Amino acid sequence: MEQYAIKGGNPLVGEVEIGGAKNAALAILAAATMTDETVLIENLPDVRDTKVLIQAMESIGVIVNRIDRHTVKINASHIHDLTIEDDYIKKIRASYYLLGALLGKYRKAEVSLPGGCNIGLRPIDQHIKGFRALGANVRIEHGLIITEAEELRGNHIYLDVVSVGATINVMMAAAMATGKTTIENAAKEPHVVDLANFLNSMGADIKGAGTDVIRIKGVSKLHGSEYTIIPDQIEAGTFMFAAAVTKGDVTVKNVIPKHLESISAKLLEIGCEVEESDDAVRVVAAKPLGHTHVKTLPYPGFPTDMQPQIVVALGLSTGTSIVTESIFENRFKYVDELTRMGANIKVEGNTAIIDGAERYTGASITAPDLRAGAALVIAGLAAEGVSVVDDIKFIERGYEDFHIKLQSLGAQIDKVNTERELQKFKLKVG
Ligand code: EPZ
């Protein structure tokens, strides 16, 4: 099974290009099925999640022409099935974005009920609440979510929790409903705004995305479009914290600094220098990291998808830090792995109390999920000695060429397949 082999100790130095936002791409790919005309999507991240969603779309008849690694042409005029097979939703939950897209366009869709995952139960009651408010009949039978509607009519929907997925799914269905829809308590993430902009480029009428009240006037038809996906603020934040943890000097390029404000603020707070320019942010960790407190919140708060990365950094800081995870109920699973590298962290409920350690030491560790996996790689980059990270398929779900980008910044990291390759790596790094 593929692993990352890492020899820690090198400060990361240099520039790294950030790719398109995975979580915007998944929503936009699904929304591209809402027109019978051709859609061109650029800056698509070449990661496992987007590949699997494209396969799910092709399985129902969507034609996807890959122009290059980061560009696809999509035509959904010949969809022949409205049921998304189980194994796609098992691979990525976001296949359920096809519910909102196909319900909006065809008034019918079926997708397997996504299970929980390593970070929490991940209910979808708010998605269902939104579809029902628009007049759809939604039932769960034999593990399938079946949605259908004689007619979709606009409505006033108040989300009980701030949910990115529910905001996105309901926005898509409402975009082609008859009449006006208001979504209150909507998620404000950059990828919600990116989807709204994409739908509007196809002729939708959506206002207020990025605020907690989104107003939608339904249209009967959407047309083709050419669209470029925004940069991935979580990939950028991951490299910014990698610079902090390895005492490096890294510039993330092709980013939108405003999307990184909460991440930059925390890096400044723990003693890093942060320089912003139009489409780049430079992080210099010139002195030992200080402690801080952070609570994950919906955007523009500190992102839950950056929680493992800041915990790895605070695990090497001076003093005691407190990190509270307010979005998901089980997102500290990786702490056991980090403890094996020398971290002093006590998890009580949804709070981690972190006493900064002198150093991490290399160990064999397993990635429990996408973002925690990336954070454990960062810990390995700072650790003394060699670390081996298992289950890197999780990391490759959301990070394109992760180890190659890290190598370009001076990291000693390789992807290894066999014990022999691991031994060769150990000989190489000495
Ligand atoms: C999206 O998940 C992202 N995934 C997650 O990123 C991210 O962590 C999360 O938003 C929060 O930012 C994609 O965009 C594909 P939510 P999503 O609905 O939409 C509760 C990654 O690493 N909730 O905003 O599933 C839920 O349990 C992934 O890229 C309900 O109660 O997140 C959670 O506590 C990991 N009922 C909270 O809301 C619902 O119907 C926020 O979840 C929906 C959600």
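Ligands are counted one by one from 1 in listed order, and the atoms in each one are counted from 1 as well. Source: prediction; values computed, not measured.
- Nearest protein heavy-atom contact of atom 15 (C) of ligand 1 is N23 OD1, 3.4 Å.
- The parts of Q126 lying near ligand 1 are both backbone and side chain, judged by heavy-atom distances below 4.0 Å.
- Checked against side chain to side chain contact (heavy atoms under 4.5 Å, CB included), H156 has the following partners two or more places apart in sequence or in another chain: T182, E184.
- In this structure, Y299 has no heavy atom closer than 4.0 Å to ligand 1.
- Protein heavy atom in closest approach to atom 27 (O) of ligand 1: P123 CD, 3.3 Å.
- Residue contacts with ligand 1 for V162 involve N, CA, C or O but no side-chain atom from C-beta outward (heavy atoms, distance under 4.0 Å).
- Between the side chains of Q126 and D160, at least one donor N or O sits under 3.5 Å from an acceptor N or O.
- A donor and an acceptor atom, one from each side chain of Q407 and D414, are located under 3.5 Å apart.
- The shortest N or O to N or O distance between L26 and ligand 1 is not below 3.5 Å.
- Under a 4.0 angstrom heavy-atom cut-off, F394 registers as lying outside contact with ligand 1.
- With 3.5 Å as the limit, one finds a donor-acceptor pair spanning the side chains of Y334 and Q307.
- Using a 4.0 Å cut-off between heavy atoms, D125 contacts ligand 1 through both its backbone and its side chain.
- Side-chain contact annotation: T320 with D355, donor-acceptor N/O pair under 3.5 Å present.
- The protein atom (non-hydrogen) at minimum distance from atom 34 (O) of ligand 1 is I327 O, 2.5 Å.
- Looking only at atom types and distance, the side chain of T304 has no donor-acceptor partner in the side chain of T296 under 3.5 Å away.
- Residue-level proximity to ligand 1 for R331 is carried by the side chain, the only part with a heavy atom below 4.0 angstrom.
- Using a 4.0 Å cut-off between heavy atoms, D305 contacts ligand 1 through its side chain alone, with no backbone atom that close.
- Listed by number with element, the atoms of ligand 1 under 4.0 Å from a non-hydrogen atom of Y97 are 14 (O).
- T71 and E42 are not linked by any side-chain donor-acceptor pair at a separation below 3.5 angstrom, with hydrogens and angles left out of the test.
- Residue I168 places every heavy atom at 4.0 Å or more from ligand 1.
- Among protein heavy atoms, the minimum distance from atom 25 (O) of ligand 1 is reached at R122 NH2, 3.0 Å.
- Side-chain N/O atoms of N137 and E148 include no donor and acceptor closer than 3.5 Å.
- Near L370, with a cut-off below 4.0 Å to any heavy atom, the atoms of ligand 1 are 21 (C), 22 (O), 29 (O).
- A distance-only check finds no donor-acceptor pair linking the side chain of N155 to the backbone of I157 [under 3.5 Å].
- Counting the atoms of ligand 1 from 1 in the order shown, those under 4.0 Å from a heavy atom of K22 are 21 (C), 29 (O).
- Under a 4.0 Å criterion applied to the non-hydrogen atoms of R371, ligand 1 contributes the atoms 21 (C), 22 (O), 29 (O).
- Distances below 4.0 Å separate heavy atoms of H127 from the following atoms of ligand 1: 40 (O).
- Looking only at atom types and distance, the side chain of Y399 has no donor-acceptor partner in the side chain of R48 under 3.5 Å away.
- F328 CZ, 4.0 Å is the protein heavy atom nearest to atom 32 (O) of ligand 1.
- Shortest contact from atom 11 (C) of ligand 1 to any protein heavy atom: T304 CG2, 3.8 Å.
- There is no side-chain donor-acceptor pair under 3.5 Å between H70 and N43.
- Not a single heavy atom of A187 lies less than 4.0 angstrom from ligand 1.
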Evaluate the criterion salt bridge (charged side-chain N to carboxylate O under 4.0 Å, His left out) for residue pair E396 and K415; output intermediate values, then yes/no.
CA-CA 11 Å; E396 295 182 329; K415 197 191 289 193; 2.6 Å; yes

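- Heavy atoms of S163 found under 4.0 angstrom from ligand 1 belong to the backbone as well as the side chain.
- Here is the list of ligand 1 atoms found below 4.0 Å of a heavy atom in I124: 39 (C), 40 (O).
- For ligand 1 and G165, the ligand atoms under 4.0 Å from any heavy atom of the residue are 18 (O), 19 (O).
- Ion pair K51/D46 flagged as a salt bridge, since at least one NZ, NE, NH1 or NH2 atom sits closer than 4.0 Å to an Asp/Glu carboxylate oxygen.
- Within a 6.0 Å sphere centred on CD of E141, heavy atoms belonging to other residues, nucleotides or ligands number more than 12.
- Ring geometry, Y4 versus F402: the interplanar angle falls from 30° to 60°, so the pair is classed tilted.
- Taking all heavy atoms of V170, V161, V47, D369 into account, the minimum distance to atom 38 (O) of ligand 1 is reached by V161.
- The distance criterion of under 3.5 Å between nitrogen or oxygen atoms is met by V164 with respect to ligand 1.
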